[in-house]
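First comes the structure, then the notes that go with it.
Remember, it's 1-based here, ligands and their atoms both numbered in the order they're listed.
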Amino acid sequence: MNKVVLITGASSGFGKAAAHRLLDTGQWTVYAGARRVEKMDDLAARGARTLRIDVTRDEDLQSAAAAITEAEGRIDALLANAGYGSYGMIEAVPMEEIRYQYEVNVFGVARSIKAVLPQMRRQGSGRIVITQSLLSNISTLGLGWYASTKHALRGMSTALRQEVRHLGIDVVSIEPGGVDTDFGEVAFGKLNSVSHPEDYRRLADDFHAYMVDVYRKSPGPDGTAAAMVEALTARKPKLVYRTTMDAKFMPLVASRVPDFAYDRIVLAEIRKAGKKAAAS
Ligand SMILES: NC(=O)c1ccc[n+]([C@@H]2O[C@H](COP(=O)([O-])OP(=O)(O)OC[C@H]3O[C@@H](n4cnc5c(N)ncnc54)[C@H](OP(=O)(O)O)[C@@H]3O)[C@@H](O)[C@H]2O)c1
């Protein structure tokens with residue numbers, strides 16, 4: 001009998017790549033959710049069931065979980081993956097952008113988990129895989145509000161992991177660093193639209209140059225999607241998958257140096273990227 005998974009954020013990037021990989025196995029019934037249903041036609045053509053899910057809407061998640069339970073009698077796994085980034089200096093990011101990042105990245109995951117847990121508890125098994133980030137562990141200037149949402153997920157998922165273990169439910173975190181998906185484009189679009197006070201101008205320009213460099217060097221989504229599939233399918237998954245070099249390396253550096261040294265390293269790297277961009 002096929003296993004049943006609900007994936008949020010399946011219209012693009014990691015979510016879509018993981019959905020394709022699960023379909024490749026022939027052992028999974030994939031429910032793929034996103035707002036842009038038409039972007040999941042390729043998944044539907046391969047047998048996935050596509051659902052219009054906006055993770056900011058309670059009713060979308062509740063009715064998705066009810067429909068899956070009715071059709072399949074079970075929900076074996078959730079990949080809570082939908083996410084959104086809006087970069088800029090802390091003072092300059094508009095309140096509505098701060099709120100929206102929390103709505104999608106934190107409350108959207110809360111809604112997804114609350115929707116599937118009753119069925120997972122009833123069946124006495126389940127796996128919840130949560131797309132977090134390198135920025136669940138560290139933060140840098142320009143990424144503060146987004147990083148704060150991913151820090152919140154880390155705090156929540158550690159607690160959840162301990163709370164549901166005795167119910168036969170595993171909780172696994174995926175922590176990618178910079179990866180070349182549509183995510184960067186969305187976040188850059190927002191960064192370009194933020195109006196930074198003059199006092200931040202130089203820093204904001206250097207940060208922009210730094211992020212351009214990060215995404216230029218970034219891998220594609222395949223390695224992270226493969227880790228997601230392992231997290232969903234392995235008999236004993238790791239608790240955390242750090243899926244890129246920067247995700248493995250940067251938290252290690254940050255944990256080994258005093259906070260003042262960490263700040264200096266980040267500022268130096270970002271200024272260096274700004275100078276390099278200005279010289280080219
Ligand atoms: N790419 C990176 O560098 C990176 C690094 C670390 C962590 N992450 C995390 O990885 C996850 C996936 O991102 P990605 O890189 O694959 O980016 P992506 O290609 O932009 O995909 C984002 C997905 O989230 C969905 N989404 C956004 N807002 C939504 C909402 N309100 N309701 C439902 N779905 C929504 C989008 O679908 P619709 O727009 O169709 O709804 C899309 O399918 C996110 O949680 C992100 O924070 C990304």
min-distance protein heavy atom vs atom 48 (C) of ligand 1 -> Phe14 CE1, 3.5 Å
Using a heavy-atom cut-off of under 4.0 Å, does the side chain or the backbone of Pro221 touch ligand 1, or both, or neither? neither
Minimum-distance protein heavy atom relative to atom 14 (P) of ligand 1: Thr181 OG1, 3.5 Å
With respect to Val55, determine whether any N or O atom, backbone or side chain, lies less than 3.5 Å from an N or O atom of ligand 1. yes
Report, in ascending order of atom number, the atoms of ligand 1 lying under 4.0 Å from any heavy atom of Tyr215. 3 (O)
What is the nearest protein non-hydrogen atom to atom 20 (O) of ligand 1, stated with its residue, atom name and distance? Phe183 N, 3.2 Å
Numbered atoms of ligand 1 (with element) below 4.0 Å of Ile53, judged on heavy atoms: 32 (N), 33 (C)
What residue and heavy atom of the protein are closest to atom 28 (N) of ligand 1, and at what distance? Arg35 NH2, 3.2 Å
Counting each atom of ligand 1 from 1 as listed, which ones have a heavy atom of Gly13 under 4.0 Å away? 16 (O), 19 (O)
Looking only at protein heavy atoms, which one is nearest to atom 36 (C) of ligand 1, and how far off is it? Ser11 OG, 3.8 Å
By number and element, which atoms of ligand 1 are closer than 4.0 Å to a non-hydrogen atom of Ser133? 6 (C), 7 (C)
Tell me yes or no: between the side chains of His196 and Asp205, is some donor less than 3.5 Å from an acceptor? no
Have a look at Thr224, Asn81, Leu135, Thr131 and point out the one with the heavy atom closest to atom 45 (O) of ligand 1. Asn81
Numbering as shown, the atoms of ligand 1 that approach Asp54 to under 4.0 Å (heavy-atom distance): 30 (C), 31 (N), 32 (N), 33 (C)
Considering Tyr84, Tyr100, Tyr146, which one's heavy-atom position lies nearest to atom 47 (O) of ligand 1? Tyr146
Residue Gly83 vicinity, atoms of ligand 1 by number, heavy atom under 4.0 Å: 22 (C), 24 (O), 27 (C), 44 (C), 45 (O)
Numbered in order shown, the ligand 1 atoms found under 4.0 Å of a heavy atom of Val104 are 28 (N), 31 (N)
I'd like to know if Gly177 contacts ligand 1, where contact means a heavy-atom distance under 4.0 Å to any ligand atom. yes
So is Arg36 polar-close to ligand 1, meaning N/O to N/O under 3.5 Å? yes
Of the backbone atoms (N, CA, C, O) and the side-chain heavy atoms from C-beta on, which set of Gln132 has a member under 4.0 Å from an atom of ligand 1: side chain, backbone, both, or neither? backbone
Run down the list Ser12, Gly15, Ala82, Ala10 and name the one with the heavy atom closest to atom 34 (N) of ligand 1. Ala82
Is it true that the side chains of Ser173 and Gln132 contain a donor and an acceptor less than 3.5 Å apart? yes
Would you say the side chains of Thr224 and Tyr241 form a donor-acceptor pair under 3.5 Å? no
Gly9 N/O under 3.5 Å from ligand 1 N/O: yes
Ligand-residue contact atoms, ligand 1 with Gly178, heavy atoms, under 4.0 Å: 3 (O)
To which protein heavy atom is atom 6 (C) of ligand 1 closest, and what is the distance rounded to 0.1 Å? Pro176 O, 3.4 Å
